[in-house]
Structure formats: structure tokens, C-alpha cells
Amino acid sequence: MEAMSWSLDFVLALALVWLAWRTLVSNELFKAVVLFIGFGLLLTLAWVRLHAPDVALAEASISAGLTGVLLLKAWRRLRTPAERDEHLDYE
Amino acid sequence: MSIWIMNEAAPRQLRFLLALLATLTSLGLAFALLSLPIGTSELADRVVTQMPESGVDHPVTAVLLNFRSYDTMLEIGVLFLAVVGVWSFGPVSLDPATLTPTGPVLGTASSVLQPMVFLVAGYLLWVGAAAPGGAFQAGAIIAAGGVLAILTKWQPSANLRIWVEGGLALGLLAFVGMATATLLHSGVLLTLAPEIASSTILMIEIAATVSIGLALPALYLGGSPANWTHREQK
Amino acid sequence: MQAPQLYVLAGAALVGLGLYGLFAYRHLLRQIIALNIMSGGVFLVLIASASSGSVAAVDPIPRAMVLTGVVVAVSATALALALAVRLRRVTGVSCLSIRDEEDAQ
């Protein structure tokens, strides 16, 4: 149905922009990273809607998955000294 | 704006100016793009007419590994450079005593998923010639398996060092080698004759998959394992 | 409007949001996340502006370019994160300018 697929695209595009905005203005860094991973998954859905399944595969695994994991690891190492992260200091 | 709890943001006047700049950029971009005509370009038609000579059946794979293989070669080079840059900060200790222990769920899931990683990656690599798939997707699946291995505190022995470092360089070396061969053979960089195109593309894809599958977990690890460089002489 | 034009608008909005996040925050992790959002917007704009809405005629060239772009983006993000962690370990702050030290904590 034409109207239903159009409304799906509308909701998806709106959710993409909304989630990106919430990612940027979240007050905790951990929340920002997790929301960014969710944003990557929504972007994967957008690629599927735009008939680009190979880009969707790459986006889900590399951009949402690997970038998210890299961000989480960097978040752990960038925490303030008030939080316990001495066991992560390799030297 | 008071509902935004931005304790790390710029002062109020600067924020307003930045929001104005961002809005103007978005509007300008949207206006410029929406005034473009929608429809296929003549470049896409050229791809369709040249497809029988490319050696594969899928247009995206043909563009990536035959028509625009120069971009793909540079991309593998960028990935390799990123690994060199990240690993240049020194070795990373994988001592099990200093890392948080692996829970039972992660361990069981890893032992079930690791064999499937190679199965799915091999399928994606093979089917990339005719359907969506190819080297990058297969390499990303292998990278997921590699990251899972790192998360379950896998200890790579020093014997693996030459294989891993060789595999990291393999993609770029294979691509540059093929580019040099085509340059010497026909005088034009990266042109593939139709009869050797499909086998050459498959070999380059295999090398690129190995390279991507090793480079992405290497980026996650953040350095060469400490037992590779410090305790080599046993 | 047709479906692909919706995604063009969304992509343009993402570029603007990423630009805003890049300049409004001082913490390096937030800037890197903003850069990734911006690159996602650029990819969306690339593919959506070449898509005609029907299944038949999909342009393969922007898809190949975006595939390349995704891998390049993750490489640059990994290097940027490694540099940020290193900067933190060497100087003790998570931002680029000493003057903004208290903003980033």
C-alpha cells in the first residue's frame, strides 16, 4: 500500500533525526554511545528502505557494531579519575 | 533551551550562533539537493552496458572491484594506515589477571557463534558476485568473530604474529601487486581483460576479506599483544 | 513528496546536527560521535538523492562509494579514539584546549 510505505518512511526519517538529536544532547556519555548504536541500527533500516541491502549489511556490522564497540572501549578509558578505572592502565 | 541539560556545552550566545549555522547548512543542503532531477544518470546506464565485460553479475561488486577498483585500493590502504597508527602507541597487555572475567553467557555464545562466523563469511564472499555481499560484508563478519574472541580474553600466541601481521598487509599487497601487473601488461592502471576478470576479482576479494577481518579487530585491540614483543625469546 | 526526498531532508538535518555537535561540545568523545552522525547524514544524502523510489532503477555507483565511505569512516574513528585516549593519558584532560579543561570534566 502506497500510503503505508510512505508513512513508514516518514516515521523512520523522523526517528533518525530525533535519535541523532537526543544522542548529541544527552548529559551522560554512556547514554550518548548507546543511543548512537541505536541510531546506527535505524540507519540500517533506512538503507533497506532505499533498496541498498549491501550498504545495510556494512552499516549494521561496521558502523553500528564496530564503531559502537570502539566508542564503548574509549568511553571506559576516558572516564574521570573519580570512577574506578585503574585496572585498565596498561603500561 | 532550558530543557537541555548540557553541562559540557559552549556558552549560550555561541550555542545560538552555532544552531543558526547548523540550520542554514541543513537548509542549504536540502535545497540544493531537492532541486536536482530524480532519476538514473547516464553513468548508471554505462555501468549496465559494460556489465558483461566486468566478470561479475552484481553491479555494485563490478563497480567496487572493476570499474572503480582504484578507490577500493586506496580504501584498503587507509584501513591499513589506521591499524599502523593505532598500533604505534605501544603494546597492549592481555594478562588475564588484569581484565574483567568472562561470564558464562558470553563464553557459550562465543563457542556457538565462532564456527558460524566462517560459514556466513564464506557464503557472503562467494555470493557477492551475483547478489548483495562481497568482500566488505564478509570481512565485517570475520571482524565480528575477532572482536568476540578478544572479548572472551583469547590469548594469541607469539607464533601467530607473523600470520596476523602478514594477513594485515595481504589485502594492500595483493591489490598493489595486481595494479602493477596490469600497468606492466597493458600500460593502463587497473584494467582487467574480460576473460581473467572474474578470477582476479575473486582473488582480490579473498585477500581483502582476510585483511579487513584482521584489521578491524586489530583496531579494537588498540595495540599489538604484549606477549608478542616483550617475551619473544623464550 | 516521494519517499527518497524524505531521506534527503533527514540526511541534511543530520549533517546540520553533526556540525552543531562538533562545535558546541568540547569533550572529544562527543565530537567524534557528532562526526559519525554527520558522515551518516552525508551517506544518506548520497544514496537518497540518487534513488528514484522504484525498485527497478537503483544506481550502483553511490552504493559502492558509501560502502567505501563506511570503512574509511570507521578507520578514521578508530584512529581518532586512540589519539583521544592517548591525549587523556598524557595530559589528563579529554579535550583539545587547556583553557576548556573545566568544560570537559
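Proteins get letters first, then strands, A, B, ... in listed order; numbering begins at 1 in each. Keep in mind it's a predicted model, so treat the numbers as computed, not measured.
The OH atom of C/Y7 sits 5.5 Å away from atom CZ of A/R49, with the distance rounded to the nearest 0.5 Å. Of the inter-residue distances, the one linking C/L17 atom CG with A/L16 atom CG reads 11.0 Å to the nearest 0.5 angstrom. In this structure, C/I47 CD1 and A/W47 CH2 are separated by 4.5 Å, a value rounded to the nearest 0.5 Å. Taking CG of A/L14 as the reference point, atom CG of C/L9 lies at 11.5 Å (rounded to 0.5 Å).
Nearest heavy-atom pair, C/R30 versus A/L29, reported as atom, atom and distance to 0.1 Å: CG-CD2, 3.7 Å. Considering all non-hydrogen atoms of both residues, A/L78 and C/A84 come closest at CD2-O, 3.9 Å. The two residues C/Y25 and A/L24 make their nearest non-hydrogen contact at OH-O, 2.9 Å. The two residues C/R89 and A/R77 make their nearest non-hydrogen contact at NH2-NH1, 4.0 Å.
Applying a 4.5 Å heavy-atom cutoff, the residues of residues 66-74 of chain C that approach chain A are C/V66, C/L67, C/V70, C/V71, C/V74.
Chosen from A/V33, A/D54, A/L66, the residue pairing most often with chain C at heavy-atom distances under 4.5 Å is A/D54. Top candidate by heavy-atom pairs under 4.5 Å with chain A, chosen from C/I32, C/T77, C/I33, is C/I33. Counting heavy-atom pairs closer than 4.5 Å to chain C, the top-ranked of the candidates A/L70, A/V55, A/L50, A/L57 is A/L50.
Interface residue A/L43: only side-chain heavy atoms are found under 4.5 Å from chain C. For a residue to count as touching a neighbouring chain, one of its non-hydrogen atoms must lie under 4.5 Å from one of that chain's; by this rule A/F39 touches chain C with the side chain only.
Judged as a side chain to side chain contact (heavy atoms under 4.5 Å, CB included), and not counting sequence neighbours, the contacts of C/A10 are A/A13, A/V17, C/L44.
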